[in-house]
S.K.: 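Handing you this structure, nothing more for now.
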There are 2 protein chains.
Amino acid sequence: MELVKIYECLCDLTRLRVLHVLARGPLCVCHFQAVLAEPQVKLSKHLAYLRARGLVSVTRRGNWMVYALPSAPPPELRANLACLQDCAREQPVFRRDLARLERLAPTLAETGPGCCGPATRPPRRARTAAPGRAR
Amino acid sequence: MELVKIYECLCDLTRLRVLHVLARGPLCVCHFQAVLAEPQVKLSKHLAYLRARGLVSVTRRGNWMVYALPSAPPPELRANLACLQDCAREQPVFRRDLARLERLAPTLAETGPGCCGPATRPPRRARTAAPGRAR
DNA sequence: CGACTATATTCCTTTTGAGGTATATGAATC
DNA sequence: GATTCATATACCTCAAAAGGAATATAGTCG
């Protein structure tokens, strides 16, 4: 893996945060939304970016896409991810993410990384008029 | 120092090579030209970039600008520079740079990092004697 | 002072990426 | 088969940055 490609992935804060929490275990996009408090599009795009460069892997699980760090990362990646963990330890942004991840932990343990438990799902009110219909 | 800023500096190969050789000791721009085999403008601009972000420091020495790693880098920077050294060990580009640096070593030892010894200088026809003395 | 040297800066073009809005896709469920 | 949910993609705009050519600047030497 090219060293520069790795650093290109690391030079965006959102991606750093993604990789940082992924070290704790696989996550799906809706969990990323909860943990990082960022909009879905933004996360999807950054995850696609990381995926295209081989920094994360994906597996579909029903409706959910579960992202994870590669099972056997090349040494340069391993080294840099370790370094990131080390550097992030002190910084508030990353600590906040971890805190929100912890708060999610029970749900995660219960349902696995591939889905959002019913608790996290919106109320689902009876509906008729749906705005933003496609085509 | 902001983590992302560091990675932004690392995500260009030329800058990586600059930082990598700087770990061996301070260098002036003309030595960078010799070691990295890149045009002056390119190096000057990347050095300015690194300087603006505090990854390198400069001191003028006569006509020469001597660049060096900061004397007391913050922990995040220290960690990442170490990581870079580690990762670069295997890669041909970086090894080549080091080889050219070694070849420059005698000159460096003789004249200090602040000037290009007579050996590296163009022939300088007919002129009066011994040019390029730094102070 | 004037020539020269080492390095910096400006201007230009091209590429890349970030973020947002709107829309598409694929699986599940009724 | 139509809805709904989770996620992805397309399109757009804006900013940054890379590389090259030309030129500027700041020292030094004679």
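Quantities reported herein were computed from a predicted structural model and do not represent experimental measurements. Just so we're on the same page: letters track the sequence lines, and every chain starts at 1.
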S.K.: How long is the line joining CE of Met65(A) and P of dA28(C), in whole Å?
M.R.: 12 Å
S.K.: What salt bridge (charged side-chain N to carboxylate O under 4.0 Å, His left out) pairs are there with at least one residue in residues 15-38 of chain B, not counting sequence neighbours?
M.R.: Arg17(B)-Glu38(B), Arg17(B)-Asp97(B), Glu38(B)-Lys42(B)
S.K.: If you look at every strand shown and take non-hydrogen atoms under 4.0 Å, does Phe32(B) touch a base, only sugar-phosphate, or nothing?
M.R.: nothing
S.K.: Just by protein heavy atoms under 4.0 Å, how would nucleotides 14-20 of chain D read 5' to 3' in B, S and -?
M.R.: ---SSBB
S.K.: If the condition is side-chain contact (heavy atoms from CB on, under 4.5 Å), which residues does Pro73(B) pass it with, not counting sequence neighbours?
M.R.: Pro70(B), Leu77(B), Arg78(B)
S.K.: Provide, to the nearest angstrom, the distance between the CG atom belonging to Leu27(A) and the P atom belonging to dT7(D).
M.R.: 11 Å
S.K.: Residues two or more places apart in sequence or in another chain: which of them pass salt bridge (charged side-chain N to carboxylate O under 4.0 Å, His left out) with Glu76(B)?
M.R.: none
S.K.: Does a distance-only test, which skips hydrogens and angles, find a donor-acceptor pair under 3.5 Å between the side chain of Asn63(B) and the base of dT28(D)?
M.R.: no
S.K.: Atom CZ of Arg60(A) to atom P of dT25(C): distance rounded to whole Å?
M.R.: 13 Å
S.K.: Calculate, to the nearest 0.5 Å, the distance between atoms SG and CG belonging to Cys87(B) and Asn80(A) respectively.
M.R.: 5.0 Å
S.K.: Using atom CG of Leu16(A) as one end and atom P of dA18(C) as the other, report the distance to the nearest whole Å.
M.R.: 11 Å
S.K.: Under 3.5 Å, is there an N or O donor on one side and an acceptor on the other linking the side chain of Gln40(A) and the base of dA6(D)?
M.R.: no
S.K.: Quick one: which residue pairs count as a ring-ring contact (aromatic ring centres under 6.0 Å, His included) with a foot in residues 72-102 of chain A, not counting sequence neighbours?
M.R.: His20(A)-Phe94(A)
S.K.: Between dG20(C) atom C1' and Leu43(A) atom CG, what is the distance in whole Å?
M.R.: 14 Å
S.K.: Round to the nearest Å and state the distance from Arg61(A) atom CZ to dA28(C) atom C1'.
M.R.: 15 Å
S.K.: With Tyr49(A), which residues qualify under ring pair (Phe, Tyr, Trp, His ring centres under 6.0 Å), at least two apart?
M.R.: none
S.K.: Using heavy-atom distances to pick each residue's nearest nucleotide on DNA chain C, tell me which of Gly62(A) and Ala48(B) is more 5'.
M.R.: Ala48(B)
